[in-house]
Visitor: 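There's a structure below that I have some questions on.
In what follows, chains are A, B, ... by sequence order, proteins preceding strands, each numbered from 1. Any value given below was found using the heavy atoms of this structure, including those in side chains, with hydrogens, waters and symmetry copies removed.
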2 protein chains.
Amino acid sequence: MLISEASIRSGLSADTIRYYEKSGIVPAIDRGADGLRRFSPENVEWLTLLYWLRKTGMSMKDMQCFAALYREGGRTVSERKALLLGHAETLKRKRADLDRCEEVLAEKLAIYDKLEGKHP
Amino acid sequence: MLISEASIRSGLSADTIRYYEKSGIVPAIDRGADGLRRFSPENVEWLTLLYWLRKTGMSMKDMQCFAALYREGGRTVSERKALLLGHAETLKRKRADLDRCEEVLAEKLAIYDKLEGKHP
DNA sequence: CCCTTGACCTGGAGTTGCTCCAGGGAGCTA
DNA sequence: TAGCTCCCTGGAGCAACTCCAGGTCAAGGG
């Protein structure tokens, strides 16, 4: 499939996909005779994973590391597992941040409610 | 208090605080006779709020908007409320992203577990 | 009294991770 | 044959910091 479809399916913009390919976190995508990229379902699956990792705050550097391990093959499975488990910890911390922010917002909103009561 | 203490208390780096002041999302901070910034507890409270808003993804533009409303005084309370409620919605969406990412990670990890079982 | 140390100042360059754009080609269709 | 759409590349621009050079001032030690 072409880049536009890969973009829709993965969630990444076409520009971002090309940028990721340049950066080496996506393997060099096969080209058709016309020079256009042809994405395989595996390519799209990889892009989708990257989409979620990036969306939840993994750095390019870590994704590059992950991609490098992936390229090395089955020998690196446990390292990749560790990396993903590390990211799962990050998710926990992010959730705690959201919780705390929600509290802060609730306090502020309570104050604003009182102010509105006074100046209606 | 000096900027280092304001930094510790708010969570923002000194550089970021100065940058925010330049950008107008923090009011011009009073200076002592020595030319150094002196932060009031109110300043720190504001910085702390900004810290949480920023940390959970509010853009500078929105924070500038919020700051502008704040400067206009009590007349804008309901607009500020709306802005914070909007951000609370953002938090919900972010939490959904974390949930989805966790699912994706769980799938990948399950696959890796199987692979490890085969090549122990 | 002088000198070092440390916290702060400003202005500006560098970084990350995109995003947009100019300029150009290939294929379809009317 | 022109117009349309989709793709390509290289490079500029942007957000939100972060770091650094070069300078000021106050306090403390020798």
Side-chain angles (χ1 to χ4, degrees), chain A residues 1-40 43-44 46-68 87 90 94 97 101, chain B residues 1-40 43-44 46-68 87 90 94 97 101:
Chain A
M1 78 192 74
L2 296 177
I3 200 167
S4 56
E5 194 180 343
S7 162
I8 289 165
R9 294 199 192 218
S10 66
L12 296 168
S13 75
D15 272 330
T16 299
I17 293 171
R18 285 189 282 254
Y19 171 64
Y20 282 4
E21 191 187 6
K22 239 187 280 183
S23 315
I25 68 178
V26 169
I29 305 294
D30 293 341
R31 306 293 181 116
D34 50 9
L36 306 189
R37 291 174 182 83
R38 300 299 153 131
F39 292 79
S40 70
N43 289 153
V44 172
W46 179 247
L47 288 171
T48 305
L49 177 57
L50 293 182
Y51 170 80
W52 285 109
L53 293 177
R54 189 66 200 85
K55 184 159 200 178
T56 52
M58 185 177 284
S59 69
M60 293 275 294
K61 208 169 264 184
D62 284 0
M63 294 197 304
Q64 268 156 2
C65 181
F66 190 49
H87 191 64
T90 305
K94 294 215 171 249
D97 286 345
C101 185
Chain B
M1 78 192 74
L2 296 176
I3 200 168
S4 56
E5 194 180 343
S7 164
I8 290 165
R9 294 199 192 221
S10 67
L12 296 168
S13 75
D15 273 329
T16 300
I17 293 171
R18 284 189 283 256
Y19 172 64
Y20 280 6
E21 191 188 5
K22 240 188 277 183
S23 317
I25 69 179
V26 169
I29 304 295
D30 294 342
R31 305 293 181 116
D34 50 10
L36 306 188
R37 291 174 182 83
R38 302 299 153 128
F39 292 79
S40 70
N43 289 152
V44 172
W46 179 246
L47 288 172
T48 305
L49 177 58
L50 293 183
Y51 170 79
W52 285 108
L53 293 177
R54 190 66 201 81
K55 184 159 200 178
T56 52
M58 185 177 284
S59 69
M60 293 274 296
K61 208 171 263 184
D62 284 0
M63 294 198 302
Q64 268 156 1
C65 182
F66 189 50
H87 191 63
T90 304
K94 294 216 171 248
D97 286 345
C101 185

Visitor: Decide side chain to side chain contact (heavy atoms under 4.5 Å, CB included) for Y20(A) and M60(A); before the verdict, give the C-alpha distance in whole Å, the side-chain angles of both, and the deciding distance to 0.1 Å.
Guide: CA-CA 9 Å; Y20(A) 282 4; M60(A) 293 275 294; 3.7 Å; yes

Visitor: To the nearest angstrom, how far is M1(B) atom CE from dA7(C) atom P?
Guide: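 M1(B) atom CE is separated from dA7(C) atom P by 17 Å.
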
Visitor: Please list all pairs passing the salt bridge (charged side-chain N to carboxylate O under 4.0 Å, His left out) test where one or both residues lie in residues 19-29 of chain A, with sequence neighbours left out.
Guide: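 The answer is E21(A)-R37(A).
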
Visitor: Got more than 12 heavy atoms from elsewhere within 6.0 Å of CZ, R9(B)?
Guide: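 Atom CZ in R9(B) is not crowded, with 12 or fewer foreign heavy atoms closer than 6.0 Å.
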
Visitor: Expressed as a whole number of angstroms, how long is the span from K55(A):NZ to dG17(C):P?
Guide: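 Checked: the NZ to P distance equals 17 Å.
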
Visitor: Could you give me the CA-CA distance, side-chain angles and deciding distance for Q64(B) and S23(B), then say whether side chain to side chain contact (heavy atoms under 4.5 Å, CB included) is met?
Guide: CA-CA 8 Å; Q64(B) 268 156 1; S23(B) 317; 3.8 Å; yes

Visitor: Check whether N43(B) reaches the backbone of S40(B) with its side chain - one donor and one acceptor, N or O, closer than 3.5 Å.
Guide: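 Yes, the answer is positive, given that a donor and an acceptor are paired below the 3.5 Å cut-off.
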
Visitor: Could you check how far CD1 of I29(B) sits from C1' of dT10(C), rounded to whole Å?
Guide: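 Rounded to whole Å, this separation is 17 Å.
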
Visitor: Please state how far atom CG in L2(B) lies from atom P in dC8(C), giving the value in whole angstrom units.
Guide: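 Computing the L2(B):CG to dC8(C):P distance gives 5 Å.
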
Visitor: Between dG17(C) atom P and I25(A) atom CD1, what is the distance in whole Å?
Guide: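 Whole-Å distance recorded here is 9 Å.
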
Visitor: Can you tell me how far C1' of dC18(C) sits from CG of L53(A), to the nearest Å?
Guide: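 That distance rounds to 17 Å.
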
Visitor: Could you list the residues that satisfy side-chain hydrogen bond (donor to acceptor under 3.5 Å, both in side chains) with Y19(A), not counting sequence neighbours?
Guide: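 side-chain hydrogen bond (donor to acceptor under 3.5 Å, both in side chains) check on Y19(A) returns nothing, list empty.
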
Visitor: How close or far is atom C1' of dT19(C) from atom CD1 of I3(A), stated in whole angstroms?
Guide: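 Between C1' of dT19(C) and CD1 of I3(A): 14 Å.
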
Visitor: Could you run through nucleotides 9-23 of chain D and give me one letter per nucleotide, 5' to 3': B if any protein heavy atom sits under 4.0 Å from the base, S if only the sugar-phosphate is that close, - if neither?
Guide: B------BBSB----

Visitor: dC9(C) P sits how many Å from I17(B) CD1, rounded?
Guide: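 Taking atom P of dC9(C) as the reference, CD1 of I17(B) is at 10 Å.
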
